[in-house]
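Let me begin by presenting the structure, written as structure tokens, before commenting on it.
The figures that follow rest on heavy atoms only: side chains count, while hydrogens, waters and symmetry mates do not. Counting starts at 1 for both ligands and their atoms, in listed order. Note that the coordinates shown come from a computational prediction; the quantities given were computed from them, not determined experimentally.
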Amino acid sequence: MANTPLDPEVQEWLDFDRQHLWHPYTSASEPLPCYPFKSATGTRIQLHSGESLVDGMSSWWCAIHGYNHPHLNDALKKQAEIASHVMFGGLTHEPAARLGKRLLDVSPPDMQHLFLADSGSVSVEVAIKMAAQYYQATGLKDKGRLLALRNGYHGDTAGAMAVCDPVTGMHSLFTHLLPGHLFAPQPRCRFGDDWDPKDFTPMRRLLEQHHHELCAVIVEPIVQGAGGIWFYHPNYLVELRRACDELDVLLIYDEIATGFGRTGKLFAWEWAGAQPDIMTVGKALTGGYLTLAATLTSKKVAQGISQGGPLMHGPTFMGNPLACAVANASLDLLEQGDWQQQVSWLEQALQEGLEPCAGLDICAETRVCGAIGAVELKSSVDVAAAQAYFVRCGAWIRPFGKLIYLMPPYICSQQDIDTLCEAIFGYLQTS
Ligand code: PMP
């Protein structure tokens, strides 16, 4: 069943939504169309208008096991019977402690302490505070700026936005709010190509010039996500680690998008083997069920901060038991399942499926890394027109800028990938 007339009740809340609710990055007066979501199971999203769509987005990189998973549902139900929430100030609970242990067990060995935040952006705010407080406490009080990468993305709260790409991160709208950080050019040496040491030169130069005022460098390791789905060489991280050690600057890896298997390793830092001082994780942490993130750090940083006093952050929903319980269940699935095989199969399937797009005139290139596939066009995509076409083809894909990308659940079948890739190829042919 597809495109059936909407039930009047559905139409009523849909109209209300259009008139009153903000959706991500849209205008209140002229919003982009929103489709009425009904339910989701496995890799399928059902609309009230009757369409069944193959999910190509994992709900913005989160729903790695697919929707409505019995093991994740059970974990939530069991925890809800015990308590859905309790304050984390002065109280603690088994789901949080167990999750903490399991996260540290799979993280870079230097990571020894963690803070449970309530969203990716907040975990980045906490990472920035950790770096700043570390140097405050250890007596280097001038070290308060950050160095980030162009085309990077780290979240939408003010501190996180200040380290996003200054152009696509819309700094011009908020100049009076944002601290002036520094930016190195995007690494150009690609993942999979021969390493070109010159690629690191601009970053090295900025570090040498500014290390006395820098508390940290922040990067998304290997994959720059929302800033352009760009895959860069692991040696960049090896060089960065070396330079940060030499010049006494902390290194923050934002693994919010790359974590939990998406690039083919459990965390993207593993491609380089160069550990961070601070690391953020989020998104797929709960298998896409609830909002939860974490900021992990080393003993050195935690003890340094503690010389000066407590770490100054404490959100209301910190360590939420429901979110921790479902995150533990998601880690069970990763431990027991064959995500590595699924991601490597997806890499191959996406490469084959997107290949035909590369031959089209409007296409600049296609690129794939792990379970991430992107088609970069020569000009911007008309999001509303593209989505309408994809929905007609039974695919849920949300392009941005010049990019149409896929970030599907790990459980996708060949038929699912065919549906997604054929929808993209079909749209590009008609554009
Ligand atoms: N960092 C990265 C690398 C991200 O991709 C995102 C989300 N797209 C964030 C931070 C922010 O996470 P959240 O949307 O959960 O605040």
Which ligand 1 atoms does [X] reach within 4.0 Å, using its non-hydrogen atoms?
{"X": "Lys283", "result": "4 (C), 5 (O), 6 (C), 7 (C), 8 (N)"}
{"X": "Asp254", "result": "1 (N), 2 (C), 3 (C), 10 (C)"}
{"X": "Ala257", "result": "5 (O)"}
{"X": "Gly120", "result": "11 (C), 12 (O), 13 (P), 15 (O), 16 (O)"}

List the atom of Thr316, the atom of His85, and the distance in Å for their closest heavy-atom pair.
O-NE2, 3.2 Å

Tell me, yes or no, whether the heavy-atom count around Lys378 atom NZ, taken from other residues, nucleotides or ligands under 6.0 Å, exceeds 12.
yes

Among all protein heavy atoms in this structure, tell me which lies nearest to atom 6 (C) of ligand 1, with the distance rounded to 0.1 Å.
Tyr153 CE2, 3.5 Å

Logged contact type for Trp61 with ligand 1, heavy-atom cut-off 4.0 Å, is neither

At a non-hydrogen distance cut-off of under 4.0 Å, which region of Ser121 contacts ligand 1 (side chain, backbone, both, or neither)?
both

Is it true that the side chains of Tyr289 and Asn73 contain a donor and an acceptor less than 3.5 Å apart?
yes

With the threshold set at 4.0 Å, does a side-chain nitrogen-carboxylate oxygen contact exist between Asp332 and Arg102?
yes

Pair Arg204 + Glu208, salt bridge at N-O below 4.0 Å
yes

With side chain to side chain donor-acceptor pair (under 3.5 Å) as the criterion, how do Tyr153 and Thr168 come out once you've worked through the C-alpha distance, each side chain's angles and the decisive distance to 0.1 Å?
CA-CA 9 Å; Tyr153 178 81; Thr168 56; over 6 Å; no

